[in-house]
Every structure is written in C-alpha cells, then in structure tokens.
Amino acid sequence: MACVVLVEDDHRIRSALVRALSERGHDVVASATGIDGLNRIVERAPDLVILDLGLPDISGTELLKMVRAVSAVPVIVATARDDDSEIVRTLDAGADDYVIKPFSADHLDARMRAILRRAQGDGDNGLRERLVLVVEGPPGHGDPDRGQEPPAGVEDRGRDAAEVLAELLAIDRVAAAADLAQLVAQGVGIGDRVGA
Ligand code: CA
C-alpha cells in the first residue's frame with residue numbers, strides 16, 4: 001500500500017482513479033488544483049504523486065518545479081498531451097515517469113509499482129529532511145534585497161531552490177505566490193526536520 005496524492009481537475013477521471021487505486025489498496029488523497037495539491041503533498045509526505053499537467057490554477061510543470069524545490073517524492077505525470085516536447089520538459093522538470101490519457105488503472109498501477117520499488121531502494125521518498133526555501137515577496141513577507149528580514153522560520157539556504165522559487169513567484173499570479181508564502185509561514189518547517 002502506498003500513500004498517493006492525485007492532482008487532477010477532471011472530476012470524472014479523479015473519482016475513477018481514486019476508486020481504482022483505493023481498490024488496489026492505496027491510500028489516495030485527491031486535489032483538483034495545483035496549489036491544493038502542493039499543500040497536500042507537503043502535509044502528507046506521500047510515497048507517490050500522480051500529476052495532471054493541465055490544471056486550472058498553475059500548470060502541472062510549474063507545480064512539479066515547486067514540488068521538486070521541497071520534495072524528492074516520485075511523480076508520475078498523467079497527460080492527455082502526446083506531444084514529445086511537453087513530455088521532455090516534464091521529465092526535465094523532475095517527473096519520474098508519465099502516462100498518456102486514456103490509460104487503464106492496471107497500467108498506472110504497474111508504473112506505480114515499478115517506481116515504488118525504485119524509491120524503496122533509494123530510501124528517499126518523502127519530503128527532504130531539510131527543506132530549503134527562500135521566499136521573495138509578496139510585499140510584507142520580507143525581502144533581503146529591500147533590507148527586510150525573512151519571515152520567522154524561513155532560512156536563506158541553497159541557490160537552486162531560491163532560483164526555482166524566485167522564478168515561480170515571479171510568474172503567473174499573486175495568489176499562487178501568496179499561498180506558497182503562506183504555506184511557508186504556516187511553519188512547513190523550513191530548516192526543520194519534516195515528514196518521512
Ligand atoms: Ca486537466
């Protein structure tokens with residue numbers, strides 16, 4: 001049995017997958033949006049994430065980069081797009097495998113088993129022991145470049161995570177950035193031991 005976070009906005013696919021994976025003994029937590037999915041992933045430190053690329057709030061590829069900033073959890077991307085370059089981008093962004101819709105639950109479960117076997121070998125399938133995050137903006141959340149202190153619990157470590165997050169926070173919409181900052185401010189445990 002694995003704890004699985006499923007991020008899929010199509011409710012028919014989502015409920016079909018929740019049912020099929022639950023029947024196979026997995027503990028499935030489902031989200032319909034990228035930001036909710038990110039919250040679930042941080043909360044639950046799942047064994048595996050199944051991620052739809054076309055989401056209503058942020059793209060699956062952007063979500064994947066956010067996840068990769070904080071977690072080494074295996075990610076299977078489920079996509080309707082059979083475009084090669086999209087798949088390459090997703091794998092480059094840190095996906096472990098992908099399935100193209102429509103796929104059967106048996107097919108997905110076989111991919112999951114293969115990935116979980118590999119992850120067991122690595123012994124690293126949860127949140128990273130020390131989260132490395134730097135939050136820049138939104139205003140009021142502290143910006144070292146503007147002479148402000150970062151929020152309590154946020155530690156300035158690691159250029160890679162900083163670059164990824166700065167890029168993510170600069171993109172798209174303030175809501176996503178605010179949610180991410182809130183997530184951090186809620187004590188996700190920057191610099192602390194978290195999860196698995
Ligand atoms: Ca979708």
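First listed ligand is number 1; within each ligand, the first listed atom is number 1.
Paired with Lys101 under the rule side chain to side chain donor-acceptor pair (under 3.5 Å), one option of Asp52, Thr79, Asp10 passes, and it is Asp52.
Contact check on Arg14 versus Asp36 returns no salt bridge, with no Lys/Arg side-chain nitrogen under 4.0 Å from an Asp/Glu carboxylate oxygen.
Residue Asp52 approaches the Ca ion (ligand 1) most closely through its N/O/S atom OD2. Residue Asp9 approaches the Ca ion (ligand 1) most closely through its N/O/S atom OD1.
Rounding to the nearest 0.5 Å places OG of Ser59 at 9.0 Å from CZ of Arg89.
Look at Gly54 and the Ca ion (ligand 1): an N/O/S atom of the residue is under 3.0 Å from the metal.
In the model, Asp109 has a side-chain atom that pairs as donor or acceptor with a side-chain atom of His26 under 3.5 Å.
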